[in-house]
Amino acid sequence: MPERIKLTFLGTGGSIPTVERGLPAMSLEYNGAVYLFDCGEGTQMQMLKYGVNAHRIRAIFITHMHGDHVIGVAGLIRSMALYGRTEPLEIFVPEGEEGKLEPLLTFDRVRIGYPILIRKTRSGTAYKGKDFTVSAFALKHTVKTFGYRFKEDDRLHFDKQKCAKLGIKKEMFTEIQKKGKIRVGKKLILLSGVTTKEKGRSIVYATDSRPTASTINASKGADILAHEATYSKELAKLAKERAHSTSEEAAKVAKSAGVSLLVIFHVSARYSKSNPLEQEAKKVFKNTMLAYDGMELLL
Ligand SMILES: [Zn+2]
Ligand SMILES: [Zn+2]
């Protein structure tokens, strides 16, 4: 059985928090560790509220250095220091923007008793974990911004009967996996002939951004695309001006990429509980959910 992936939408508002929606952060739990995507103000409170263990955070992936996506780092790292954390913490920020993170870490000269490793996000592989990779892709916003894609490694399953019949045993499995083929007697056996591939799951996190081809490419066949939808289509002009997306635009991205589920978030503070965002998106892409704070998805 593959490891469970648990997503928790910790903050689903954009720019300004409301009583219903905190600022952007999504946690992804996998193999006993927590990976955080964005860390808006109040994220540590949301983690307490929704049962995500901060001590298990390995890495934080920041999309861009707008305050609503990163200010939460300041409080979170201090709380972990007070709790006696010793394990290193990696924080990814867009390359060239590291200087904007520094003040949040150092302004009060507090002693942080664990290493904080600042990593530069560029397009391509950002983080390689056990059985998965997180890669980054450029988004289109008012400042340098990256989306992130969590992709589990594909798994190979041997057809045991076939292997037995062909005489593949013991260390031969390692060899055929390494070389992609093996010679048994007079027969050349290809790896693809005796295995089936189970595709790893993938989750894409894309905010803040206009709809872009890079998001479509990164999301091809993804299980979940979490895409910003700051405005309803009525404010399409504003979305364009401020380099955000309407929910309809997010849905078009999801449709082009052929994802299984679209989750929209980063909702403008102007919208109350009853708003047209989900409905407008669903007209374009049926399998859409409007995220709410504390929403958990298991896959
Ligand atoms: Zn934002
Ligand atoms: Zn922004």
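Here the structure is a predicted model, which is why all the values come from computation and not from measurement. Whatever order the structure lists them in is the order used to number ligands and atoms, beginning at 1.
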Legend entry - Thr196 and His157 side chains, donor-acceptor separation under 3.5 Å: no

Inset, instruction - Examine His141 and say whether one of its N/O/S atoms is closer to the Zn ion (ligand 2) than 2.8 Å. - result: yes

Inset, instruction - Return yes when at least one N/O/S atom of His66 is nearer than 2.8 Å to the Zn ion (ligand 2), and no when none is. - result: yes

Legend entry - N, O or S atom within Asp208 nearest to the Zn ion (ligand 2), by name: OD2

Inset, instruction - Name whichever N, O or S atom of His64 ends up nearest to the Zn ion (ligand 2). - result: NE2

Inset, instruction - Could you tell me which non-hydrogen atom of Leu23 sits nearest to which non-hydrogen atom of Pro17, and how far apart they are? - result: CD2-N, 3.7 Å

Inset, instruction - Taking all non-hydrogen atoms of both residues into account, name the closest pair between Ala25 and Tyr205 and its distance. - result: N-OH, 4.3 Å

Legend entry - Short N/O/S contact of His69 with the Zn ion (ligand 1) (below 2.8 Å): yes

Inset, instruction - Have a look at the Zn ion (ligand 1) and estimate, to 10 degrees, the angle subtended by NE2 (His266) and OD2 (Asp68). - result: 100°

Legend entry - Side-chain ion pair, Asp223 and Lys151, N-O less than 4.0 Å: no

Inset, instruction - Go through the steps to decide whether Asp108 and Arg78 satisfy the test salt bridge (charged side-chain N to carboxylate O under 4.0 Å, His left out), and finish with yes or no. - result: CA-CA 10 Å; Asp108 59 354; Arg78 284 167 178 78; 2.9 Å; yes

